[in-house]
Amino acid sequence: MGIFSLFGKKNNDLEKKSPDKTSSKKTRSKSLNNATPNAQDDEALSQSVMAQRHIARATERKIDAIEFEMSRDMGRQRTIPNQTPFVDTPTLSPVKSPISLQLDEEPATIEFESTLPATDFLLGQSPDIAASTLTQSESVPVLEEAAILFASGQKEVAEMMLQSAIEQDNLGNAIQTAWYMLFDLYQISNNQAAYEQLSLDYASKFETSPPIWDSAASKARELLNTQTVEVTPNLTFPANLDAEIIKLLERLQSLSKQSQSLKLDFMRVKQVDPVGCGLLLRSLKNLKKTKHELILVGAQDLTEKIRAILEVGRRDETEAPWLLLLEILQLLHFEKAFEEASIDYCITFEVSPPSFEAPQNRVITATSDIQLVEEVSNRFMMPAIIEGRTDTLINQIADHAKTHNAVLLDCSLLERVEFGASAQLLSGLVPIAAKKGITIQFHEVNYLVTCLFNAMGLKNVAAIFPRKH
């Protein structure tokens, strides 16, 4: 019986005293049920939402329970005065030396890899160095002119040229070199305010962390003056970011009380789950509150692993993966990516999107392999400024070459090379480089000096390795 006929015959059916009255009621009931399928769908949806909420509460309780156990275990630990847990004395290095602490592994003294390139590496047979040196050897007249002006003592004019080049943004792939040259100029000039403003502009344009103020030059100078190094605890996260990371987070909590700087390495992480995301999220929030300096390795790759388990519009058992993704994007200063992810989060959970808040603590991003320099005794330390006659300097380099086939010229302290002195340096290094078996390498060169060396032709007699920002 159709729904329209049902309503049309309602009065007549009530008047009739038919023995089929019970059957008629069943028929009408069946028709009504067929006519209102949405009621059943709504009930099923309501049950699904309730089930999701129940799972979400269970997941949150699991995270709370794990953290409670961690806090209780930390309270039971006995502390020994003047003893630092989980930390071995690292080998002395001219730069900051992380301590490798990995899950389920005993702490061990780090072994430093040599940075001395192989012979085929210097001859251009390695694709990595070929790509690196090609970028630095490109001839860009405006950058070369700025480098020459700086070398000649016209710092203000060089600064204006670099600022103009950055604003016009018409240098193609060389535009980032212009930024690095200006960063180095402000560092050498000790203009921290301008450096920090440039850092904000750089992070906005390239959506990545800007160079840090304490450059390699200041670290090398500190090493030479004090012969001490600062130890930064390093914690490497395992392949699975799940409930098992609680052991590592216990170490993190302990080390955070002893060091204001921590290095977190996520390069090994392959998979994540909601519980692991929730635990890591709470630890990162605590470190942000205490304003710890963080060195994050592979954090951007970790965001991709988190995105892989998310789906816009699908409410999982907890919001933790979404919130961890937003937290890491804030730490990385990825404001645009944060806004896009926050909109997806808003659509999924039907809440107002969170606003971007730049972290107050310093956050540094790094690659998995930190380049560590060799012992100072194997290198020739270049002075902070090279100007005037270079005869004495050339003689010292020649003497160094008598006992070292690979002449490593450490430029971590070098700030400026006078234009005339650069020409003398070139003519003095040519006969040294011409000797059989001798190779010359400039290491940790700032970008102003790198561009000057390329313009003067030093790249034809020596390998030039700019410092990494």
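Every heavy atom of this structure was used, including side-chain atoms; hydrogens, water molecules and symmetry mates were not.
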Worksheet item: For Ile364 and Leu296, what are the C-alpha separation, side-chain angles and deciding distance, and is it a side-chain contact (heavy atoms from CB on, under 4.5 Å)?
Response: CA-CA 6 Å; Ile364 305 168; Leu296 302 181; over 6 Å; no

Fill in: Nearest heavy-atom neighbours spanning His333 and Ala358
CE1-CB, 4.2 Å

Practice prompt. Answer yes if the side chains of Glu319 and Tyr345 hold a donor-acceptor pair under 3.5 Å, and no otherwise.
Written response: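 There is such a pair between these side chains.
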
Discussion item. Under a 3.5 Å distance rule, please check whether Gln260 uses its side chain to pair with a backbone N or O of Lys291 as donor and acceptor.
Written reply: yes

Worksheet item: side-chain contact (heavy atoms from CB on, under 4.5 Å) between Leu323 and Thr318: does it pass, once the steps are laid out?
Response: CA-CA 10 Å; Leu323 297 177; Thr318 176; over 6 Å; no

Discussion item. Under a 3.5 Å distance rule, please check whether Asp410 uses its side chain to pair with a backbone N or O of Met382 as donor and acceptor.
Written reply: no

Worksheet item: Which atom pair, heavy atoms only, marks the closest approach of Ala320 to Leu281?
Response: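 Heavy atoms only, the tightest pair is O-CD2, 4.3 Å.
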
Fill in: Heavy-atom check, side chain of Asn446 versus side chain of Arg467, under 4.5 Å
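Yes - at least one pair of side-chain heavy atoms lies under 4.5 Å apart.
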
Item to complete: Answer yes or no: is there a donor N or O on one side and an acceptor on the other, between the side chain of His292 and the main chain of Ser256, under 3.5 Å?
Response: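 Confirmed, His292 side chain pairs with Ser256 backbone.
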
Worksheet item: So which heavy atom on Ser355 is nearest to which on Gln330, and how close?
Response: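 Taking every non-hydrogen atom into account, O-OE1, 3.6 Å.
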
Worksheet entry | Minimum side-chain heavy-atom gap Leu264-Val297 below 4.5 Å |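 The answer is no; the side chains never approach within 4.5 Å.
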
Worksheet item: Counting N and O atoms only, with roles assigned by atom type, does the side chain of Asn361 sit under 3.5 Å from a partner on the main chain of Lys288, one being a donor and the other an acceptor?
Response: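 Judged by distance alone, no pair lies under 3.5 Å.
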
Item to complete: Let me see the working for Glu159 and Tyr186 under side chain to side chain donor-acceptor pair (under 3.5 Å), right down to the final yes or no.
Response: CA-CA 9 Å; Glu159 178 183 355; Tyr186 289 146; 3.1 Å; yes

Worksheet item: Under 4.5 Å between any side-chain heavy atoms of Thr177 and Val140, yes or no?
Response: no

Worksheet entry | Check: Asn286 main-chain N/O paired with Thr290 side-chain donor or acceptor under 3.5 Å | yes

Discussion item. Under a 3.5 Å distance rule, please check whether Ser342 uses its side chain to pair with a backbone N or O of Phe338 as donor and acceptor.
Written reply: yes

Fill in: Atom pair CD1 (Ile306) and CD (Glu327), whose distance is rounded to the nearest 0.5 Å
10.5 Å

Item to complete: May I have the step-by-step check of side-chain contact (heavy atoms from CB on, under 4.5 Å) for Phe183 and Leu448, ending in yes or no?
Response: CA-CA 10 Å; Phe183 273 121; Leu448 290 162; over 6 Å; no

Worksheet item: About how many Å separate CD1 of Ile309 and CG of Asp273, when rounded to the nearest 0.5 Å?
Response: 7.0 Å

Discussion item. Does Gln300 form a side chain to side chain donor-acceptor pair (under 3.5 Å) with Glu304? I'd like the steps, not just the answer.
Written reply: CA-CA 7 Å; Gln300 189 170 354; Glu304 298 303 319; 5.7 Å; no

Worksheet item: Roughly how far, to the nearest 0.5 Å, is CG of Asp201 from CD of Glu167?
Response: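 Glu167 CD to Asp201 CG: 9.5 Å, rounded to 0.5 Å.
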
Worksheet entry | Over all atoms of both residues, closest heavy-atom pair of Ile438 and His404 |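 Of all heavy-atom pairs spanning Ile438 and His404, the closest is CD1-O, 3.8 Å.
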
Practice prompt. Look at atom CD of Gln163 and say whether more than 12 heavy atoms of other residues, nucleotides or ligands are closer to it than 6.0 Å.
Written response: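 It does: Gln163 CD has more than 12 such atoms within range.
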
Fill in: Leu185 backbone acceptor or donor facing Ser189 side chain under 3.5 Å
yes

Worksheet item: Checking Glu418 side chain against Gly388 main chain: does a donor-acceptor pair fall under 3.5 Å?
Response: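 It does hold such a pair.
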
Fill in: Rounded distance (nearest 0.5 Å) linking atom OG1 of Thr303 with atom CG of Leu332
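If we round to the nearest 0.5 Å, Thr303:OG1 and Leu332:CG are 7.0 Å apart.
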
Practice prompt. Might you work through the side-chain contact (heavy atoms from CB on, under 4.5 Å) test for Val312 and Thr348, ending with a clear yes or no?
Written response: CA-CA 6 Å; Val312 179; Thr348 301; 4.0 Å; yes

Worksheet item: What are the two closest non-hydrogen atoms of Trp179 and Lys205, and how far apart are they?
Response: CZ2-CD, 3.6 Å

Item to complete: Measure the shortest side-chain to side-chain distance between Leu452 and Val417 over non-hydrogen atoms and say whether it is less than 4.5 angstrom.
Response: yes

Worksheet item: Just wondering, do Val272 and Leu302 contact through their side chains at under 4.5 Å, heavy atoms?
Response: yes

Discussion item. Any side-chain to backbone donor/acceptor pair from Ser164 onto Met160? Under 3.5 Å, distance only.
Written reply: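 No.
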
Discussion item. Tell me if the CD atom of Gln271 is crowded by more than 12 foreign heavy atoms within 6.0 Å.
Written reply: no

Worksheet item: Would you call Glu387 and Arg416 a salt bridge, taking side-chain N to carboxylate O under 4.0 Å as the test?
Response: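 Yes, Glu387 and Arg416 are salt-bridged.
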
Item to complete: Verify the ring-centre separation between Tyr202 and Phe206: is it less than 6.0 angstrom?
Response: yes

Worksheet entry | Nearest-0.5 Å distance that lies between atom NZ in Lys285 and atom CG in Leu331 |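 Going from NZ on Lys285 over to CG on Leu331, the span is 9.0 Å.
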
Practice prompt. Using a 4.5 Å cut-off on heavy atoms from C-beta on, say whether the side chain of Asn191 contacts that of Tyr195.
Written response: no

Discussion item. With heavy-atom distances below 4.5 Å as the criterion, would you say the side chains of His400 and Val407 are in contact?
Written reply: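 Yes, at least one pair of side-chain atoms sits under 4.5 Å.
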
Worksheet item: Do the side chains of Leu280 and Phe266 get nearer than 4.5 Å, heavy atoms only?
Response: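 Counting from C-beta outward, Phe266 and Leu280 do come under 4.5 Å.
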
Discussion item. As an exercise, state the distance from CD of Glu335 to CD of Glu357, rounded to the nearest 0.5 Å.
Written reply: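 Nearest 0.5 Å value for the CD-CD distance: 11.5 Å.
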
Fill in: Option among Phe453, Phe465, Phe380 that satisfies the ring pair (Phe, Tyr, Trp, His ring centres under 6.0 Å) test with Phe442
Phe453

Worksheet item: Is a donor on one side and an acceptor on the other found under 3.5 Å between the side chain of Ser259 and the backbone of Ser261?
Response: yes

Fill in: Contact summary for Phe349 and Trp322, nearest pair of heavy atoms
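It is CE1-CD1, 3.4 Å.
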
Discussion item. Angle between ring planes, Tyr447 versus Tyr180, binned at 30° and 60°: parallel, tilted or perpendicular?
Written reply: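 Rings of Tyr447 and Tyr180: tilted, 30 to 60°.
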
